[in-house]
Amino acid sequence: MNGTDTPMGQEAHLEALADELTAIRRRVVNVVGHELRTPVTTIHGLAGELSAADDLETVRDVIGPALLRNAARLTVLLDDLLVAAGIETAIPVDSPGHLELADEVRAIWGDLRSSMLQLEGPPTTVSGPLTGIRRALRAVLENAAAYGTSEPEVSITEDEGTVTVRVFSPGPDIHPEEARLATEPFFRGERAVTSQAGLGMGLSIAKAVAEGAGGTLSFEATVGGTLTSIVLPRAPIP
């Protein structure tokens, strides 16, 4: 008989679970509220400027683009929350297409950093919903850019019917348990909490989107960094 088999033990177990759920709720509300506050506050300020503006050029060249940027940021945050909540309609779905992986990875990295990306592998084309594939790749590379101590090493390999993109991100060794939880919504490791703001949903969103595109995503701790692998369907060879 263990401690939870007695009435007092069960009560203590339930109280511990309640405390844990309360802590999780507070953490989620705190993180989400902080992330939403910035675009909402900015949009509120821009709306005030818009109502007082009498210069059409300022509205067109300054206020309008700023409103669009912050509205887009807000839309992404809300979509991420819906995906984290298991709302499948929030996962990007579009007509299947073909995507040349190496070109796409280089283009995404070019948006994030000006440094040269280390990429090995043959020209390879994958098939699936392009928006979802691009979003999963971007989330993984954003994670590497945010927490890696230097540029990631990316390799692309082909197998029968699938293509695997591996992103090794150099950095301090992390605990295997932290790596296991890395794809869970709202989880943020110790280094992430102390170095970057965020919702802690990047890799969980990438995993959900990759699976929605017919693939898989895994994250593991390795010596000298972390390794994220995305497996996607290979485009049929004509």
Side-chain angles (χ1 to χ4, degrees), residues 39 65 68-148 151-169 182-183 185 198-219 226-238:
L68 288 173
R69 284 195 304 272
N70 283 276
R73 172 60 179 159
L74 191 57
T75 299
V76 170
L77 286 171
L78 291 174
D79 282 347
D80 286 352
L81 288 171
L82 291 173
V83 172
I87 308 299
E88 294 185 357
T89 53
I91 297 176
V93 176
D94 50 14
S95 299
H98 292 170
L99 191 68
E100 208 292 309
L101 270 182
D103 289 346
E104 188 64 31
V105 168
R106 288 192 181 96
I108 293 172
W109 185 255
D111 287 342
L112 300 173
R113 292 285 189 273
S114 59
S115 57
M116 185 68 68
L117 180 70
Q118 301 180 58
L119 191 152
E120 296 181 355
T124 305
T125 302
V126 295
S127 63
L130 301 186
T131 302
I133 293 173
R134 288 188 174 110
R135 189 169 178 186
L137 291 172
R138 175 172 285 274
V140 171
L141 290 171
E142 284 178 343
N143 189 73
Y147 304 114
E151 286 71 21
E153 300 171 10
V154 181
S155 66
I156 299 174
T157 56
E158 298 176 317
D159 201 350
E160 185 176 352
T162 62
V163 176
T164 301
V165 182
R166 294 181 176 88
V167 180
F168 172 73
S169 180
T183 56
L199 284 174
M201 295 200 303
L203 290 179
S204 67
I205 298 300
K207 182 178 180 180
V209 172
E211 292 173 350
T216 62
L217 182 145
S218 63
F219 181 89
T226 60
L227 180 66
T228 308
S229 302
I230 304 178
V231 180
L232 295 166
R234 181 179 179 180
I237 299 176

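Computed from a prediction, not measured in an experiment: that's the story for all the values here. Basis for what follows: all heavy atoms, side chains included, without hydrogens, waters or symmetry-related copies.
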Exercise for the section: Using side-chain contact (heavy atoms from CB on, under 4.5 Å) as the criterion, list what pairs up with T157, not counting sequence neighbours. Expected result: T164, R166

Practice task
Determine yes or no for a side-chain-to-main-chain donor-acceptor pair under 3.5 angstrom, with R113 supplying the side chain and A145 the backbone.
Solution key: yes

Problem - Atom pair CD/CD1 of E142 and I108 - distance to nearest 0.5 Å - result: 8.5 Å

Practice task
Determine the minimum heavy-atom distance between S169 and G148, stating which atoms define it.
Solution key: OG-CA, 3.3 Å

Handout entry: Heavy-atom check, side chain of L217 versus side chain of V140, under 4.5 Å
Key = yes

Problem - Side chains of S115 and W109 in contact at under 4.5 Å (non-hydrogen atoms) - result: yes

Problem - Exam field: side chain E153 to backbone V167, donor-acceptor pair closer than 3.5 Å - result: no

Exercise for the section: For residues G214 and P233, report the shortest heavy-atom separation together with the two atoms involved. Expected result: O-CG, 3.6 Å

Handout entry: Side chain proximity check, I133 to E104, heavy atoms < 4.5 angstrom
Key = no

Completion exercise
d(T125 OG1, L101 CG) to nearest 0.5 Å is 7.5 Å

Problem - Check: N70 and L74 side chains under 4.5 Å, non-hydrogen atoms - result: no

Handout entry: Derivation of the side chain to side chain contact (heavy atoms under 4.5 Å, CB included) call for R138 and L112
Key = CA-CA 9 Å; R138 175 172 285 274; L112 300 173; 3.8 Å; yes

Handout entry: Rounded distance [0.5 Å steps], CG in L99 versus CG in L137
Key = 7.5 Å

Exercise for the section: For the pair Q118 (side chain) and E120 (backbone), establish whether a donor and an acceptor sit closer than 3.5 Å, ignoring hydrogens and angles. Expected result: no

Fill in the blank from the handout: Between S127 and R234, the two heavy atoms sitting closest are OG-O, 3.8 Å

Completion exercise
The side-chain contact (heavy atoms from CB on, under 4.5 Å) partner of V126 among L232, I156, V231 is L232

Practice task
Working to the nearest 0.5 Å, report the span between CG of L227 and CZ of F219.
Solution key: 8.5 Å

Fill in the blank from the handout: For I230 and A210, the nearest pair of non-hydrogen atoms, with its separation, is CG2-CB, 4.4 Å

